[in-house]
Amino acid sequence: MSLQQFVAALDDLADDAKRAFDAAADPDTLEEARIKFLGAKKGLLKSIQKQIGSVGKENMPTAGQRLNEVKSLIEQTFQATQDRLTGDAVDGADPTFDPTLPGIAPEIGHVHPITQTIDHLMEIMGRMGFEAAEGPEVEDPHHNFVALNIPEDHPARDPLDNFYLSVGDGQASRFVEGTRLLRSQTSTVQIRVMEQRQPPIRIISLGRVYRPDAPDATHFPMFHQMEGLMVDRNVTMANLKTVLRIFATNYLGDDVEIRFRPSFFPFTEPSVEVDFLWDGNWVEFGGAGMVDPNVFKAVGYDPEQVSGFAFGLGVERLCMRRHGITDIRDLYSGDLRFLRQF
Ligand code: DAH
């Protein structure tokens with residue numbers, strides 16, 4: 001074999017090896033190719049090396065140098081391929097990956113203003129010793145009405161004012177046995193808590209309620225209420241007013257004043273509407289009162305032994321006042337340009 005033939009064989013081998021490595025799609029195939037070309041005993045490079053004597057004594061140094069060059073070239077190609085397959089590719093090794101391009105920033109989530117408000121209200125009420133309680137949004141008439149002293153013929157039970165759910169025969173009706181409805185008020189949670197526990201009780205419940213109102217700037221078929229209930233011996237209306245005043249000044253500001261207006265709710269006696277003086281206007285935020293003896297009886301409490309107050313405030317109304325939001329629909333439009341402001 002002449003020196004020329006020897007060098008040509010080495011060059012061909014380098015080309016073949018590169019092609020074989022490039023074609024390898026997984027580490028196993030690559031290893032097979034490595035043994036074929038670089039194997040210490042039967043590798044193709046080895047078999048060319050064995051013929052080095054045939055180039056003649058005077059050509060040996062050149063042939064040896066060439067052999068070493070090709071060997072390290074094939075080894076480098078092998079290493080680059082292995083890096084590509086195992087994901088260790090350095091800059092430029094993978095033509096489909098450009099490490100100099102800017103990354104795609106992940107979208108950072110944002111807490112909805114109503115959820116922020118709920119957290120804030122729980123924090124304020126928590127400092128006054130009220131713990132959070134929960135109840136289901138799909139309710140039965142007993143918890144939504146009966147135990148709250150709302151009789152069968154009361155207008156609050158009208159299908160036009162409630163979302164009755166279809167049960168059994170598929171009819172959505174207040175009169176079907178076992179009927180369910182989306183709760184229209186969080187006062188249901190008062191009953192659920194008192195059924196489970198004995199006084200003293202000091203809870204708030206923040207959650208969704210549902211009424212079939214056409215959406216406008218101040219109405220939405222789903223909204224949130226903050227229900228409060230305190231039951232103990234000798235709880236009075238003065239306690240109620242104090243708690244609500246402390247709440248209002250903490251949430252809306254030190255200069256907020258509170259006003260009670262006589263009203264009626266079946267589950268409280270006496271009952272009041274709760275107004276806060278805010279920016280020079282009296283604004284109604286909800287209702288309150290002293291828990292009606294019939295409600296205590298419905299949960300097995302003795303009205304001669306305990307007394308309590310309850311209140312229900314509109315969470316959207318509180319949130320909107322505090323943040324200067326004028327249309328409740330903006331809260332539920334899903335428009336991130338609006339929601340990101342809070
Ligand atoms: N549940 C009443 C409503 O949705 C609000 C309310 C009024 C709750 C008086 C109370 C209360 O706990 O005592 O309109």
Side-chain angles (χ1 to χ4, degrees), residues 121 125 128 130-137 139 141-151 154-158 160-163 181-195 199 201-213 218-232 235-245 247-248 258-276 283-296 298-299 301 303 306-318 328:
L121 301 181
M125 295 306 294
M128 285 191 274
F130 286 77
E131 58 178 304
E134 275 186 322
E137 289 174 26
E139 265 295 5
H142 178 76
H143 290 92
N144 203 82
F145 303 122
V146 179
L148 287 163
N149 200 32
I150 304 174
H154 194 279
R157 299 177 69 154
D158 196 291
L160 291 174
D161 292 326
N162 292 280
F163 285 109
L181 73 160
L182 298 180
R183 68 178 177 193
S184 61
Q185 50 185 356
T186 46
S187 303
T188 55
V189 185
Q190 294 184 31
I191 304 301
R192 293 208 168 260
V193 169
M194 288 191 284
E195 281 173 343
I201 285 174
R202 223 188 282 189
I203 58 106
I204 47 160
S205 187
L206 281 137
R208 297 184 187 92
V209 298
Y210 302 85
R211 292 178 195 175
D213 292 329
T218 55
H219 294 86
F220 207 73
M222 182 281 304
F223 59 101
H224 295 72
Q225 289 184 330
M226 174 166 74
E227 191 79 17
L229 174 69
M230 176 167 173
V231 184
D232 205 335
V235 176
T236 70
M237 212 136 178
N239 300 139
L240 169 64
K241 200 164 192 179
T242 302
V243 165
L244 287 177
R245 186 174 41 76
F247 162 75
I258 180 170
R259 176 175 81 176
F260 280 176
R261 274 180 298 126
S263 184
F264 174 80
F265 297 100
F267 34 90
T268 43
E269 183 59 35
S271 304
V272 295
E273 307 279 347
V274 181
D275 300 340
F276 297 139
V283 184
E284 185 199 318
F285 280 88
M290 300 307 292
V291 179
D292 192 289
N294 285 342
V295 173
F296 283 144
V299 297
Y301 287 5
V306 293
S307 59
F309 66 70
F311 61 86
L313 306 181
V315 174
E316 278 77 0
R317 199 166 281 190
L318 288 164
I328 189 175

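Order of listing sets the numbers, starting from 1, for every ligand and every atom in it. Hydrogens, waters and symmetry mates are skipped; everything else that's a heavy atom, side chains included, is used.
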Practice task
Spell out, as yes or no, whether a donor-acceptor pair under 3.5 Å connects the side chain of R261 to the backbone of E284.
Solution key: no
Practice task
For the pair N162 (side chain) and S184 (backbone), establish whether a donor and an acceptor sit closer than 3.5 Å, ignoring hydrogens and angles.
Solution key: no
Handout entry: Any side-chain donor near an acceptor of the partner, E227 and Q190, under 3.5 Å
Key = yes
Practice task
Count the heavy atoms belonging to other residues, nucleotides or ligands that lie under 6.0 Å from CD of E134, then report whether that count exceeds 12.
Solution key: no
Handout entry: S184-ligand 1 polar pair, N/O distance under 3.5 Å
Key = no
Fill in the blank from the handout: Any heavy atom of F267 under 4.0 Å from ligand 1? The part involved is side chain
Completion exercise
On a heavy-atom basis, the closest approach of Q225 and V315 is C-CG2, 3.5 Å
Problem - Any N or O of A310 closer than 3.5 Å to N or O of ligand 1 - result: yes
Fill in the blank from the handout: atom 6 (C) of ligand 1: of S205, G312, G289, the nearest heavy atom sits on G312
Exercise for the section: Would you indicate which of G308, G287, G314 comes nearest to atom 9 (C) of ligand 1 when only heavy atoms are counted? Expected result: G287
Exercise for the section: Mark the output for S187 as yes if a heavy-atom distance to ligand 1 is under 4.0 Å, and as no if none is. Expected result: yes
Exercise for the section: May I ask you to test the P199-D232 pair for a side-chain heavy-atom distance under 4.5 Å? Expected result: no
Problem - Heavy-atom nearest neighbour of atom 4 (O) of ligand 1 within options M226, E227, R211 - result: R211
